[in-house]
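What follows is one structure encoded as structure tokens, with my remarks underneath.
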Amino acid sequence: MPLDPEVQAFLQRAATAGARPPEELPLEEARRGPDSTAAALFGPMDELAAIEDATIPGPGGPIPVRLYRPSMRRDLPILIYFHSGGWVVGSLETHEGLCRALAKKGDCLVVSVAYRLAPEHKFPAAVEDAWAAVQWLARHADDVGGDPARLAVGGDSSGGNLAAVVALRARDHGLELALQLLVYPVVDCNFETLSYRENAEGYNLNRSTMRWYWRQYLASESDAANPDASPLRAVDVSGVAPALVIVCEYDPLRDEGLAYARRLESAGVPVSTRCYEGQIHGFLRMPAVIGRAREAIGESAGALRAAFSKVIGGADSTGGKTV
């Protein structure tokens with residue numbers, strides 16, 4: 001279908017303003033941009049019972065996290081969330097509105113993870129931080145007022161990549177997750193899909209930008225085939241957590257997200273797949289300018305509530321295994 005009129009208007013405003021892709025900017029400027037525009041693009045944010053900054057131990061030092069509490073209950077299910085930004089940009093600040101909304105509407109404790117960024121920290125630093133966060137929260141959910149039996153992971157774009165990778169690791173370590181929420185995820189280092197060709201430029205995320213992100217992220221070209229970087233290339237995806245996979249029609253990443261959903265489904269994993277027609281990469285964090293973002297946030301929160309409701313709280317989700 002045609003571009004959503006609100007999307008078209010957003011893209012026109014960005015073009016008129018002379019917005020430049022991150023690969024054309026100094027790194028610090030590329031990082032400041034998303035931080036400075038996030039609040040305006042999201043609009044009014046949900047009020048919560050508490051928002052707390054903390055750190056958890058990580059392989060490269062303490063990992064900053066932000067906890068979003070919809071209530072002060074001590075048995076809240078937990079969503080561990082990884083932000084987007086091509087593993088290069090993005091922060092706790094860029095996803096403040098989204099994490100508040102998922103906490104409020106999903107009735108869960110959201111833990112937003114500020115993993116190490118490339119190019120200062122190459123692959124697999126972000127993966128190791130993401131996995132360390134999942135392991136720590138599986139062991140210390142009680143300490144933060146969460147239910148260790150009801151854990152989920154989620155992320156958008158490169159954050160969706162990390163969520164998919166740690167879901168595979170969780171399976172391998174006997175850690176059961178209620179859901180993996182994958183929003184237009186990066187799951188393969190492959191720039192030749194139909195959606196990459198159709199949406200190469202002009203739709204908020206360019207193919208050239210994704211090439212640049214991957215170059216910043218990977219330590220070597222051979223890393224592109226590593227399932228910890230390209231989970232679509234994992235030999236076996238069976239037994240991983242149920243998934244909600246959201247993609248957008250006008251997104252270079254559309255086809256790899258759909259391919260990953262099909263792989264999961266073929267392996268017997270319960271999967272819900274949704275393609276938002278007329279939408280572009282990144283729209284989830286833009287409800288102030290793209291109204292359908294609210295629908296996608298609601299769908300994501302509904303999937304979390306449904307997944308958590310299927311798990312009886314209070315059990316030891318690690319099954320006694322070391323994770």
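If you read the sequence from its start, that first residue is 1, and numbering goes on from there.
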Give a yes-or-no answer on whether the side chains of [X] and [Y] include a donor-acceptor pair shorter than 3.5 Å.
| X | Y | answer |
| --- | --- | --- |
| H83 | S112 | no |
| H281 | D156 | no |
| D4 | Q279 | yes |
| D35 | S91 | yes |
| D188 | Y260 | no |

Handout entry: Chi angles and distances behind the side-chain contact (heavy atoms from CB on, under 4.5 Å) call for L253, V247
Key = CA-CA 8 Å; L253 306 183; V247 299; over 6 Å; no
Exercise for the section: Over 60° means perpendicular and under 30° means parallel, so classify the ring planes of H173 and W131, tilted if in between. Expected result: tilted
Practice task
Describe, in one word, how the ring planes of Y184 and F283 are oriented to each other, choosing from parallel (under 30°), tilted (30 to 60°) and perpendicular (over 60°).
Solution key: tilted
Problem - Residues D255, R197: salt bridge by 4.0 Å N-O rule - result: no
Exercise for the section: Please determine if E265 and R262 form a salt bridge, counting it only when a charged side-chain N lies under 4.0 Å from a carboxylate O. Expected result: no
Exam field: side chain [X] to backbone [Y], donor-acceptor pair closer than 3.5 Å:
| X | Y | answer |
| --- | --- | --- |
| R263 | L232 | yes |
| S158 | G85 | yes |
| Q216 | V88 | no |
| R254 | E249 | yes |
| N226 | S222 | no |
| S36 | R32 | yes |

Practice task
Might you confirm whether atom CD of E120 has over 12 heavy atoms from other residues, nucleotides or ligands at distances under 6.0 Å?
Solution key: yes
Handout entry: E201 atom CD, over 12 foreign heavy atoms within 6.0 Å
Key = no
Problem - CA sep, side-chain torsions, deciding dist, call: Y250, E198, side chain to side chain donor-acceptor pair (under 3.5 Å) - result: CA-CA 8 Å; Y250 291 92; E198 289 179 339; over 6 Å; no
Would you say that [X] contacts [Y] through its side chain, given a criterion of any heavy-atom pair below 4.5 Å between the two side chains?
| X | Y | answer |
| --- | --- | --- |
| W214 | F191 | yes |
| D46 | K105 | yes |
| Q180 | L264 | yes |

Practice task
Might you work through the side-chain contact (heavy atoms from CB on, under 4.5 Å) test for D251 and S195, ending with a clear yes or no?
Solution key: CA-CA 7 Å; D251 184 353; S195 60; over 6 Å; no
Practice task
Mark yes or no: R274 above the aromatic ring of Y276, with NZ or CZ under 6.0 Å from the six-membered ring centre and no more than 45 degrees from the axis.
Solution key: yes
Completion exercise
Nearest heavy-atom approach of I280 to Y203 is CB-O, 3.7 Å
Handout entry: Minimal non-hydrogen separation, L98 against R285, with atom names
Key = CD2-CG, 4.1 Å
Practice task
Please assess E23 against S208 for the test side chain to side chain donor-acceptor pair (under 3.5 Å), listing each intermediate value before the final yes or no.
Solution key: CA-CA 8 Å; E23 67 268 27; S208 60; 3.0 Å; yes
Problem - Derivation and outcome, salt bridge (Lys or Arg N to Asp or Glu O under 4.0 Å), residues D228 and R169 - result: CA-CA 9 Å; D228 278 352; R169 286 199 179 188; 3.0 Å; yes
Problem - Steps toward ring-ring contact (aromatic ring centres under 6.0 Å, His included) verdict (Y115, H121) - result: CA-CA 10 Å; Y115 53 87; H121 305 284; over 10 Å; no
Contacts under 3.5 angstrom, residues 47-59 side chains, donor-acceptor by atom type, not counting sequence neighbours:
unit_1: E52; atom_1: OE1; unit_2: R69; atom_2: NH2; d: 3.4
unit_1: E52; atom_1: OE2; unit_2: R69; atom_2: NE; d: 2.5
unit_1: D53; atom_1: OD1; unit_2: R66; atom_2: NE; d: 2.6

Exercise for the section: Please check if L284 and V7 belong to a single hydrophobic cluster, counting links between Ile, Leu, Val, Met, Phe, Trp and Tyr side chain heavy atoms closer than 4.5 Å. Expected result: yes
